Amino acid sequence: MDVDAVLDEAGVRNAHVREYVRHWAHVTRPDRIEVVSAADDARLIRESLAAGEILPTSDGGYYARSHRKDTARSEERTVVATSDPADKGVYNNWRPAAEMTATVTGLMRGASVGKTMYVVPYLMAPPGSPLARYAVGVELTDHRTVALHMIRMARVGIEHIDGLGEPAGFVRAVHVTGDLENLGQGTAHDRRHFVTVADERTILHYGSSYGGNALLGKIAHGLRQASYDGWASGAFLAEQFMLLGITDRQTGRKHHICGGFPSASGKTNLAMTLAPDALGDRYHVEFYGDDITWLWVGDDGRLYGMNPEFGVFGVAKDTNAATNPTALAAIGPGTETLFTNVAYNTKTSEVWWEGKTEQPPADLDGWLDWTGEPVAERSPERRGDPWAHPNSRFTTTLSNVPNLAADYAAPSGVPIDAIIFGGRTRDREPLIRAITDVAEGVYDGLTLGAEATFAAEGVDGMLRYDPMSMRPFMSYPEGRYAEHWLRIIGQVTEKPIFAHVNWFQRDPEDGRFLWPGYRDNLRALLWLMRLRDGEVRGVPSPVGVLPAKSELLLDGLRIDEADLDRLLTIDLSAGVRRSISARGTWPGSKVCPRRSGRPTTASPLTWKAARPDRKVGHRRVAAEVAARRPPGTEGRDRRQPSNLRERARRAPVAASAVRSASSSAGILGRW
Ligand code: GTP
Ligand code: SPV
Ligand code: MN
């Protein structure tokens, strides 16, 4: 096949891109090559329908099923490789670049025979963004549905590669599906490899065609590669954060909030939230991004953020008119949404997932579950199984989101007023606690712990430590990550306020959620903005400022008074001690459960098993931090481990717990 003729015809002139395509075509041996732009979407859809790869839905969208062994990210099989062993961290699964490149190239050799290689040039940034030069990539994929997803999730077109000068000016993102039936998924002979060779800006993913494993602009580039680039350049942060704006129509003031919750813990839902009806006349929420935010310091010294994506890859489960009307509109008629691994009705072309309606459709006729099995023909023991996979998703472009902010693609980004962290924790965190000290706020993000979800294979429900919600996307050592955060945030003149939120507290007796969640979550954020603006004072605690009940805007909220009291208190004698023990999993902490090998929590959930080979000592982290301190900053920001100690003196009940937190916070104190 004449690769050059294809590239000539498509107008791909960039010599580095041409060489890259030639190289990988030679390795993977596709029968055909095609260069894709967003304008090709309608044709690709037609071809996919004709081939039976996707099916039409009743609302004008499309339905796809992934292989049943391929339904979520695999963290075990994900590696960040470089040529420098010092890049080995706790969570990046570091391997030597040469070894990984050889292994994956071997697996990819000849693996696209009989297929088409789609060349997908993309941009993970709004055009004109100061970070656009970190955002250009070219994905090569041998899966048409992946190309369709890329067109929705990233800005796709050859114009993005036209002006590239340097060889490293674009991310080389190679995706080969492999023989999904025979990859040994989840066994000792698992052949899947999801590798980011970060110092070569090259992504090599083999053995999946689903989500973050295959849409390489999103997670592999937008988070892993970008966070590495942000650190290596010193220029920015790339985080698994949502980004929203709240306008107070009464005062005309607008605030922007970004923040991280682990995968499948509520970012999309929060970013799409509408104000509760009773507050809707006054407050207006705008969507900027639901999964990734790149953050940098602007010329005016403020922290700016932007969403590098072009679409939403959202969890379907529990999406309905009450929980998320915005999402329903964003995936409704006329949006050409792609649904994956939900249930599908072959007669009516409808789709359904758990929580779309309270009960599944009563008439089982025509319904196939996510594996393609007719629901009516299920064996008795499978009758209660979900119809949709818990990680089934919808893919729609940002322009379909009804409350998309007018300036969502502004090259300047938007100024960030607050950074929040949260996750699923049934008993250890109140609804919200504000953190006004910047080092403490960063520390809170670094020590985030939550119940894991079905977004990754095999971890659902496990209580685990997930720094900044970046655990699956960490690409360099955690100590350096902490240092890089402090360095960026340290340059900011108008500091954001931080907060820790938790929509997932449960009744210890019956397990129900104490907080209604979803739209009502805005009430917590409104309180945070009022605290930031000095309109409320809150109630101080050793771990931050909690709302006084009277300060929350509760109009229209239906909640049991006792539940609300519980949501707004923190059990200092037990809760803080436990949550701070949880924080001990931060590498270098004095109370690291992985060191003792014993879980330190009374929760029925278990901590991930110890990895003694992955210890990173407290001193090493501190040394890393010190070694990378920018010149001339020695005397700066040297205040002692925040004001936790001072607060501990005032709250003797939690003193020991807080003292241990302060010592873990040494990595910040030494900065
Ligand atoms: P990723 O795309 O995997 O990064 O997920 P995400 O963080 O964007 O999570 P998403 O908003 O898609 O929510 C995941 C699941 O949590 C969905 O099933 C939601 O219905 C549920 N969820 C989101 N917000 C809330 C909430 O406030 N309360 C409760 N109870 N569930 C929620
Ligand atoms: C996540 O798992 O955090 C996602 C979905 O946002 S995926 O693109 O599959 O990583
Ligand atoms: Mn995510």
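Every number for a ligand or one of its atoms is a count from 1 in the order of the listing. No experiment lies behind these values; they were computed from the predicted model shown. The analysis underlying the following values was restricted to heavy atoms, covering all of them including side chains, and did not include hydrogens, waters or symmetry mates.
Ring centers of H193 and Y206: at least 6.0 Å apart, outside the cut-off. Centroid-to-centroid, the aromatic rings of H160 and F170 stay 6.0 Å apart or farther. Taking the six-membered ring for Trp and the full ring otherwise, Y62 and F339 have centroids separated by 6.0 Å or more. Ring centroid separation for the pair Y288 and Y408 does not come in under the 6.0 Å cut-off. Taking the six-membered ring where the residue is Trp, the centroids of W367 and W387 are separated by under 6.0 Å.
The protein residues lying under 4.0 angstrom from ligand 1, judged by non-hydrogen atoms, are Q240, P262, S263, A264, S265, G266, K267, T268, N269, D291, F313, V315, K317, D318, R393, R424, W503, F504, F513, G517, Y518, N521.
Under a 4.0 Å N-O distance rule, the pair R65/D70 does not qualify as a salt bridge.
The Mn ion (ligand 3) lies at 2.8 Å or more from every N, O or S atom belonging to S263.
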Residue pair W515, I559: steps toward the side chain to side chain contact (heavy atoms under 4.5 Å, CB included) verdict = CA-CA 8 Å; W515 178 248; I559 191 168; 3.8 Å; yes
Between K356 and D318, does a salt bridge (Lys or Arg N to Asp or Glu O under 4.0 Å) hold up when you go through it step by step?
-> CA-CA 6 Å; K356 187 182 185 200; D318 287 333; over 6 Å; no
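In this structure, a donor-acceptor pair under 3.5 Å is present between the side chains of S66 and N341.
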If you look at each N/O of ligand 2, which protein N/O atoms lie under 3.5 Å away, and at what distance?
from	atom 1	to	atom 2	distance (Å)
ligand 2	2 (O)	R73	NE	3.0
ligand 2	2 (O)	R73	NH2	2.9
ligand 2	2 (O)	S263	OG	3.3
ligand 2	3 (O)	Q240	OE1	2.8
ligand 2	3 (O)	S263	OG	2.5
ligand 2	6 (O)	D291	OD1	3.4
ligand 2	6 (O)	D291	OD2	3.0
ligand 2	8 (O)	G212	N	3.2
ligand 2	9 (O)	G212	N	2.8
ligand 2	10 (O)	R73	NE	2.9

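The nearest N/O/S atom of D291 to the Mn ion (ligand 3) is OD1.
Using cut-offs of 30° and 60° on the angle between ring planes, the pair F421 and F241 is perpendicular.
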